[in-house]
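Report on the structure given below.
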Amino acid sequence: QVQLAESGGGLVQAGGSLRLSCTASGGTLTSYSMAWFRQAPGKEREFVARISLSGGGIYYADSVKGRFSISRDNAKNTVYLQMDSLKPEDTAVYSCARHRTPFLLGSTSESEYGYWGQGTQVTVSS
């Protein structure tokens, strides 16, 4: 069983930065597309960013484009989300997810992802 664990969340002021990490145990991430999603209180979970298995295929939601950066280190079995210029509307629980099928490029649909972390809270104050 693959387990994903996020870390790096916290409380920051608007305009600040955070770097989230997602590390896998009990399995590998190297053959899978990975994605970050977020869910604000009372809101539906939304797509944030995706990275292909080799790191060359990257896609961002329009709401975070230019501010967030996704990367991965397959040797460390870790995916990162660098978040800059944070806004209060970025406040949410951020979760990483592994695609269900190896060697396929994941979309923005959460239904394509089969393994999820517990999430890490990001709070951005005004």
Side-chain angles (χ1 to χ4, degrees):
Q1 180 187 1
V2 177
Q3 296 185 44
L4 306 178
E6 302 94 341
S7 62
L11 174 64
V12 297
Q13 290 186 297
S17 297
L18 285 173
R19 190 191 193 197
L20 307 184
S21 297
C22 171
T23 300
S25 60
T28 180
L29 303 179
T30 57
S31 298
Y32 296 86
S33 289
M34 297 290 298
W36 287 93
F37 292 81
R38 67 186 182 185
Q39 187 168 24
K43 304 294 184 180
E44 300 239 328
R45 185 154 51 202
E46 65 174 345
F47 168 82
V48 176
R50 179 217 69 209
I51 187 168
S52 67
L53 58 111
S54 296
I58 294 175
Y59 184 76
Y60 299 100
D62 288 342
S63 59
V64 307
K65 196 172 299 181
R67 300 188 299 118
F68 290 11
S69 179
I70 188 171
S71 61
R72 69 192 299 165
D73 186 340
N74 286 336
K76 295 182 177 180
N77 231 12
T78 300
V79 180
Y80 304 96
L81 185 68
Q82 177 68 44
M83 305 184 295
D84 298 321
S85 301
L86 283 163
K87 305 174 181 179
E89 51 262 45
D90 294 319
T91 295
V93 174
Y94 285 71
S95 301
C96 67
R98 195 190 78 174
H99 199 275
R100 294 182 182 273
T101 305
F103 304 107
L104 292 184
L105 188 63
S107 73
T108 63
S109 175
E110 65 181 87
S111 66
E112 294 189 4
Y113 299 86
Y115 290 92
W116 296 79
Q118 295 299 307
T120 185
Q121 177 70 49
V122 172
T123 302
V124 185
S125 62
S126 300

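The model shown is predicted, which means the values in this text are computed figures rather than measured ones.
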Next item on the list: Give me the ring orientation class for Phe37 and Phe47: parallel if the planes are under 30° apart, tilted from 30 to 60°, perpendicular past 60°.
Entry: perpendicular
Please tabulate, for side-chain N and O atoms in residues 53-63, each donor-acceptor pair with protein atoms closer than 3.5 Å (sequence neighbours left out).
| from | atom 1 | to | atom 2 | distance (Å) |
| --- | --- | --- | --- | --- |
| Tyr60 | OH | Ile70 | N | 2.9 |
| Asp62 | OD1 | Lys65 | NZ | 3.1 |

Margin query: If we ignore hydrogens and angles and just use 3.5 Å, is the side chain of Glu112 paired with the main-chain N or O of Ser107 as donor and acceptor?
Written below: yes
Show me, pair by pair, the donor-acceptor contacts under 3.5 angstrom made by side chains of residues 15-30, not counting sequence neighbours?
| from | atom 1 | to | atom 2 | distance (Å) |
| --- | --- | --- | --- | --- |
| Ser17 | OG | Asp84 | OD1 | 2.8 |
| Thr23 | OG1 | Thr78 | OG1 | 3.1 |
| Thr28 | OG1 | Thr30 | N | 3.1 |
| Thr28 | OG1 | Thr30 | OG1 | 2.9 |

Check: Does the side chain to side chain contact (heavy atoms under 4.5 Å, CB included) test come out yes or no for Met83 and Asp90, once each step is laid out?
Finding: CA-CA 9 Å; Met83 305 184 295; Asp90 294 319; over 6 Å; no
Notebook entry, point to check: Out of curiosity, Gln13 CD to Ser126 OG, how far, rounded to the nearest 0.5 Å?
Noted result: 9.5 Å
Item checked: Gap separating the OH atom of Tyr32 from the CG atom of Leu104, nearest 0.5 angstrom -> 10.0 Å
Next item on the list: Output the distance between atom CZ (Arg67) and atom OG (Ser85), rounded to the nearest 0.5 Å.
Entry: 7.0 Å
Notebook entry, point to check: Okay, side chain of Gln118, backbone of Ala5: is any donor-acceptor separation there less than 3.5 Å?
Noted result: no
Check: Considering only heavy atoms from C-beta outward, does the side chain of Val79 approach that of Cys96 to under 4.5 Å?
Finding: no
Next item on the list: Kindly compute the distance separating CD (Glu110) from CD (Glu44), expressed to the nearest 0.5 Å.
Entry: 8.0 Å
Next item on the list: Quick one: which residue pairs count as a ring-ring contact (aromatic ring centres under 6.0 Å, His included) with a foot in residues 67-108, not counting sequence neighbours?
Entry: His99-Tyr113
Check: So, for Gly119 and Ser95, which heavy atoms are closest and what is the spacing to 0.1 Å?
Finding: CA-OG, 3.6 Å
Notebook entry, point to check: Where do Leu81 and Arg38 land on the side chain to side chain contact (heavy atoms under 4.5 Å, CB included) test, with the steps shown first?
Noted result: CA-CA 12 Å; Leu81 185 68; Arg38 67 186 182 185; over 6 Å; no
Next item on the list: Would you check if Leu105 and Arg50 make a side-chain contact, meaning some heavy-atom pair closer than 4.5 Å?
Entry: yes
Item checked: Close side-chain approach of Arg45 to Trp116, heavy-atom, < 4.5 Å -> yes
Item checked: Ser52 backbone acceptor or donor facing Arg72 side chain under 3.5 Å -> yes
Check: Once you round to the nearest 0.5 Å, how far does OG1 of Thr91 lie from CD of Gln121?
Finding: 7.0 Å
